[in-house]
Amino acid sequence: MISMKLPKNYEAGEYESDIYALWEKSRVFVANPDSDKEHYSISMPPPNETGTLSLGHALFITLQDILARHARQQGKDVLWLPGTDHAALPVNAIIEKQLLDEGTNKHEVGREEFLRRTREFVGNSRNTMLSQMRAMGASADWTRLRYTLDDTLNRCVNETFVKMYGDGLIYRGNRIVNWDPNLETNVSDDEVIYTEEKGKFYTFKYGPFEIGTARPETKFGDKYVVMHPDDKRYAEYNHGDTFEVEWINGPITATIIKDEAADPNFGTGVMTITPWHSLVDFEIAERHGLDKQQIISFHGKLLQIAGEFADMPIHDARPLIVDKLAKKGLLVKTDDNYVHNVAINERGKGVIEPQIRLQWFVDVNKTVVLWKGKRQSLKEVLQSVIRDEDIELIPERFQKVYFNWIDNLRDWCISRQIWWGHRIPVWYRSDTDGKEETYVGVKPPTDQSEGWHEWEQDPDTLDTWFSSALWTWSTLIDQRLAEDYSLSLEDLLERSPDFKAYHPTNVMETGWDILFFWVARMILSTTYVTGQIPFKDIYLHGMVRAEDGKKMSKSRPESIIDPESIISEYGTDALRMALVMGVSPGNDQNWGRGKVAANRNFCNKLWNIARYIESVVDEGSRGGDAKPTSAADHWITNRLRISQEKITDDLDKYRFSEAYARLYRFIWDDLADWYIETSKAEPNSPLLIYLLESVLVLAHPFAPFVTETIWQTLAWHDNAVLASQPISTIINSDDDQARNFSELQAIVSEARSITKSLKVNNVKLLHENQPFLEENSAIIKQLARLQAVSPATNTDSHDGIYLTATRYKCWLDIDKAKAKAYVREIAAKKAIQESSIAQLESRLKNKNYLENAPSAVVDQTKQQLEAAQDLLVTLQAEEQRFSTS
RNA sequence: GGGCGAUUAGCUCAUUUGGCUAGAGCGCCUCAUUGACGUUGAGGAGGUGAUAGGUUCGAAUCCUAUAUCGCCCACCA
């Protein structure tokens, strides 16, 4: 025995950071676009720089890392490009909160100071997150780390904006937007969430009508009363009729509007409209060319039109206004149990107040995009790439969700009134007469004309998703080339080696929750700018939820599981495998610590397999020719081949959980519990070494740290890291020999089962001079923990319990009195066989079955029947033997 | 209101385009050994696949309804 280099238990924490440093030093994660190998690339979804990694991040890092490491093992040149996201809105919210806590605000500190603080904050977050990604074992190419706000990306953003503007895809207009008065910005439709709230619903008298509202504070300027054109109750009123009405602050002139947007079945069927603060009302006003008046300021307070209520926050004003109307005798009734949805900004949680603002939009319906030789709208391109299967979506059912989203897609509002982000590349100036000019360009305008004021850049920034939409290709542009503004965007793409080698990327692996925010928008921008799809496959994983099925949320700190605490307690590999075990595309998983311990144990199992093999193989066997000789050798070699093929196939199809389950069973059941136990009788050293190395490679994508630690500790290959090893070459095995081992397994299992149930030990297995059993007697004896396996002699009893699972005639030498207890089990087995025979027979009697089922299935049934009948005969004989004796 | 998903062992979940006796981890019961591993080994119990119909030679899988839970989209003044 050689000296043990591996300690008894695997203590992950002692090795992980050294192992990661080793990988980085070896540069195995660095991609090489000049390589002759097949290129394989994944863009890492850049996590928001808002703090620390969550279990959700841990999941995507694990899945992508498995894909990346597996691709390397298949001999591909792999680029897994990492990055982080500046996360405009969430970061803004955090900084504004910080300022508020300090008793100041962004206007007081100014844009420069605000941005300085923000940079400091995201810088700290970024460092934390990058080190956490490394701790997860991410085999990303850190030499190509990108950031959504870096200079190259900024140029790409500007180029894209200018190109779209030139094509008329970007326009500026007054539209209703979702205004957040707290953050003083608008947010996109997708960022608005609705929560149900119980409130009051008021009915007021409005001239001859009764109108309902939940928001009396918006009603000051309401001078249009709308009803459905077909509503018979109001047939006497004509579109355009005017009348005088006594209202909140005195009499006003109202106008009748007939519009189909009014629902005759809701309330009285009559409503007044507030076009400035409601999308539906805005659309009605647009259709009929009506006036629009702002009632509520951008800070959420009432304007001068509210008279005595001006400057009041809307919440304070509401009851007072109702009070006033009631005193005027205009309040008809109040419903206290009115349930309605309140719009909230998902980031920052401010209540949304629809407002009309001058904003920048992307037109999704204009047919100017050249795609596959045809002019199409952005919307049509989005639809066609999925419909035509240019991009495969996994799981497929998300196609429906995707198409449904696109069908309802409106123009994308891309401007934000926050400071942290890519500034809109538009400049304005006016001359002394008040004439205005607009400049849209990649770089600021430099000309300074007489009589004009200086150019001023649009104060707004772009929606974060506008920049992250460019992620797959902007990150592949050569950063030095990008500094050269004499090159066009097309030139940059054409001359960037990474773009040529790695785009389109192979797969976008991300959560289903950002399918619309991000994935769809990457498709939109990438097809438009580069003429390529951004990725060939989309794999959507589910959310990691708390064990009770609820979201892990900051409001319930006890629900949050921090990956770091799991790593320090159980090790990274255990965490990774716990995340993969049982995961399926698009489905959320409820996640508890229970799974982690099991996988920590699995790491330890692997560790001890290595420890054992190291202890038995002799020095000389290294580099020896691994060849199967025994039945067990052939069987395990055969199992390895099958496992390796299936795992590769599973991973190619993104069946992570299946691949892992297969690996787990192969290592624990086949290798450890059967093969190694068997090999204790007579170890085949070169084969053991081959098996260990193959298994380390196979397990490496799932458990990179423990496998590499073993590899390095054994140090069988100087200067080589496991992370760069290709998948093992298969050695040939003999199928008949492999089947022989299955026969041995059956004998061992049954012998174990019988001795166990009869609580006997030190039993002999006797046989009628069977050479096969004689050859393998040592193995059978050891595995089944028998006293001996030997041919029966004349003096031996033939009354023991015969094994029924094997074709070899053999029996356990157990005395009659004890053996009798086994009759019940035989009877039970017999009953099972009888019923299955009946079932199989009736199936085979069925003409339809014989005609319709594939012949392979029918043959299988016939074989099953035969086997069951054979077994039944044996069992009957056994039963007979016991009953007559 | 429109759509999507889930419902499988006590718990958490798989089951790869319909076909062997529906599997795994944890938990549970019994036993073993401590010479790779107690973070172990062996044996075992436990499922009418939510319910009711249908299609099919054959259904957890496809279809239709129902129930419960979850999610997405739209949003009504």
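By convention in this document, chain letters (A, B, ...) are assigned in the order of the sequence lines, proteins followed by strands, and residues within each chain are numbered from 1.
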OP1 or OP2 of [N] sitting under 4.0 Å from any side-chain N/O of [X]?
X	N	result
K400(A)	G3(B)	no
K605(A)	G41(B)	yes
N587(A)	C13(B)	no

When the [atom1] atoms of [N] and [M] are considered, how many whole Å apart are they?
N	M	atom1	answer
U61(B)	A22(B)	P	15 Å
C57(B)	G49(B)	P	22 Å
A59(B)	G54(B)	C1'	11 Å

Checklist entry - Of G212(A) and D189(A), whose closest RNA chain B nucleotide lies nearer the 5' terminus? => result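 With D189(A) and G212(A) compared, the 5'-side residue is D189(A).
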Item to check | Residue whose nearest RNA chain B nucleotide is more 5′ - N590(A) or F516(A) | outcome: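 Here N590(A) is the residue nearer the 5' end.
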Please classify the nucleic acid contact of [X] as base, sugar-phosphate, or nothing, using heavy-atom distances under 4.0 Å.
X	result
N9(A)	base
D513(A)	nothing
E851(A)	nothing
T272(A)	sugar-phosphate
R397(A)	sugar-phosphate
K847(A)	nothing

Checklist outcome for this item: Protein-proximity profile, nucleotides 18-25 of chain B, B/S/- by nucleotide at the 4.0 Å heavy-atom cutoff, equals -BS----S
Using atom [atom1] of [X] as one end and atom [atom2] of [N] as the other, report the distance to the nearest whole Å.
X	N	atom1	atom2	value
L575(A)	U39(B)	CG	C1'	17 Å
N404(A)	C73(B)	CG	P	10 Å
I406(A)	C73(B)	CD1	P	15 Å
W405(A)	C4(B)	CH2	P	19 Å
R593(A)	U12(B)	CZ	P	18 Å
D335(A)	C76(B)	CG	P	17 Å
D588(A)	C72(B)	CG	P	10 Å
W512(A)	C4(B)	CH2	C1'	10 Å

Next on the checklist: Counting distance alone, no hydrogens or angles: does the base of C37(B) have a donor or acceptor under 3.5 Å from a partner atom on the side chain of N604(A)?
Outcome noted: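 When only heavy-atom distances are counted, N604(A) does not reach the base of C37(B) through any donor-acceptor pair under 3.5 Å.
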Item to check | Criterion ring-ring contact (aromatic ring centres under 6.0 Å, His included) on F656(A) and Y539(A), from CA distance to verdict | outcome: CA-CA 11 Å; F656(A) 296 97; Y539(A) 177 91; 5.3 Å; yes
What pairs of donor and acceptor atoms, side-chain ones from residues 213-220 of chain A against any protein atom, are under 3.5 angstrom apart with sequence neighbours left out?
unit_1, atom_1, unit_2, atom_2, d
T213(A), OG1, R215(A), N, 2.8
R215(A), NE, E217(A), OE2, 3.0
R215(A), NH1, E353(A), OE2, 3.1
R215(A), NH2, E217(A), OE2, 3.2
R215(A), NH2, E353(A), OE1, 2.8
R215(A), NH2, E353(A), OE2, 3.4
E217(A), OE1, R318(A), NE, 2.9
E217(A), OE2, R318(A), NH2, 2.8
T218(A), OG1, R215(A), O, 2.9
K219(A), NZ, D222(A), OD2, 3.0
K219(A), NZ, T272(A), O, 3.4
K219(A), NZ, T272(A), OG1, 3.2

Next on the checklist: Please determine whether ring-ring contact (aromatic ring centres under 6.0 Å, His included) holds for the pair Y206(A) and W247(A), giving the CA-CA distance in whole Å, both sets of side-chain angles, and the decisive distance to 0.1 Å.
Outcome noted: CA-CA 7 Å; Y206(A) 189 85; W247(A) 197 225; 5.0 Å; yes
Checklist entry - What is the minimum heavy-atom distance between S685(A) and V616(A), and which atoms define it? => result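 Taking every non-hydrogen atom into account, OG-O, 4.1 Å.
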Checklist outcome for this item: RNA chain B in dot-bracket form (Watson-Crick or G-U pairs under 3.5 Å, [ ] crossing, | inter-strand) is (((((((..((((.....[...)))).(((((.......))))).....(((((..]....))))))))))))....
